[in-house]
Amino acid sequence: MLPTLDERLTAAAALVREGEPVADIGCDHGKLTAVLAASGKYPKVIGADLRPGPLAKAKQTLEHARCEDRAELRLGDGLSVLSAGEVGTIVLAGVSAQTTWEIIEKAPWVSQPGGPRLVMVPATRHRELRRWLWEHGFALVADRPVQAAGRWYAVMAAEYTGETHAPTFTECLFGGTGEWPEGAGYAAWQKAKLPRFRLGVPDGTPLAEEIDQILRED
Ligand SMILES: C[S@@+](CC[C@H](N)C(=O)[O-])C[C@H]1O[C@@H](n2cnc3c(N)ncnc32)[C@H](O)[C@@H]1O
């Protein structure tokens with residue numbers, strides 16, 4: 001039986017480039033790997049994880065979905081399981097923002113024009129991942145807010161252009177989520193966390209003024 005994906009992984013799957021190989025890094029339970037494999041839209045589907053336990057779960061999921069022969073499972077750290085140019089899309093879902101950028105940094109072949117699309121669903125610190133991407137020459141081609149299990153997530157797709165951008169705090173906080181109907185809910189969630197963050201920002205600084213401005217807006 002094909003597993004059901006939550007809203008996060010459903011949105012991530014929709015951003016994978018069709019017709020090209022795809023890797024689901026940190027695949028854990030293997031649900032996304034199985035759905036991608038069963039779809040028949042990709043010439044190669046790779047599921048990978050740092051630990052053998054999750055990979056064993058992924059193997060079971062693929063067997064239950066009867067698509068174990070349509071996906072390869074690989075054990076290893078981040079993108080070390082891939083060769084340069086092997087896939088058109090890399091999915092990194094459910095790991096922290098910092099783990100996401102550390103994984104990207106260790107594979108310089110990703111940060112090249114014509115490199116793979118990155119589809120990311122950071123478990124934490126969306127704002128910091130957006131900043132990292134812009135400061136390191138990636139363009140955000142999608143930034144979709146989704147709610148799953150009562151929490152807000154941002155499902156991002158990025159491609160390397162080499163053009164760096166020094167974003168404002170506000171840009172990092174909301175990204176492109178305002179383009180979606182769910183953007184208002186996401187913005188309210190981000191704003192609700194701001195007063196606490198503001199306590200650690202010295203009064204009179206440009207950052208304090210920017211945050212106060214966001215908090216004044218409806
Ligand atoms: C919370 S699970 C996310 C599973 C799935 N991607 C999702 O979003 O539902 C995170 C998985 O990432 C794996 N992981 C963490 N760091 C990793 C790394 N550096 N390389 C590969 N996998 C990693 C963990 O072992 C774990 O199975």
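Whatever order the structure lists them in is the order used to number ligands and atoms, beginning at 1. Below, all heavy atoms of this structure are taken into account, side chains as well, without hydrogens, waters or symmetry copies.
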Charged N-O contact under 4.0 Å between Glu159 and Arg17
yes

Measure from every N or O atom of ligand 1 to the protein's N or O atoms and keep only the pairs below 3.5 Å, writing each with atom names and distance to 0.1 Å.
from, atom 1, to, atom 2, distance (Å)
ligand 1, 6 (N), Gly26, O, 2.8
ligand 1, 6 (N), Ala93, O, 2.8
ligand 1, 8 (O), Arg8, NH1, 2.8
ligand 1, 8 (O), Arg8, NH2, 3.3
ligand 1, 8 (O), Ala93, O, 3.2
ligand 1, 9 (O), Arg8, NH2, 2.8
ligand 1, 9 (O), His29, NE2, 2.9
ligand 1, 19 (N), Asp77, OD1, 2.8
ligand 1, 20 (N), Gly78, N, 2.8
ligand 1, 22 (N), Leu50, N, 3.2
ligand 1, 25 (O), Asp49, OD1, 2.6
ligand 1, 25 (O), Arg51, NE, 3.0
ligand 1, 25 (O), Arg51, NH2, 3.2
ligand 1, 27 (O), Asp49, OD1, 3.4
ligand 1, 27 (O), Asp49, OD2, 2.7

Return yes if a side-chain donor-acceptor contact under 3.5 Å exists between Thr33 and Asp24, otherwise no.
yes

Should the pair Glu63-Lys59 be classified as a salt bridge under the 4.0 Å nitrogen-to-oxygen rule?
yes

Is the ring pair Trp132/His136 parallel, tilted or perpendicular, if the boundaries are 30 and 60 degrees?
parallel

Partner of Glu128 under salt bridge (Lys or Arg N to Asp or Glu O under 4.0 Å), picked from Arg130, Arg131, Arg125, is Arg125

Salt bridge check, Arg74 against Asp49: does any charged N sit closer than 4.0 Å to a carboxylate O?
no

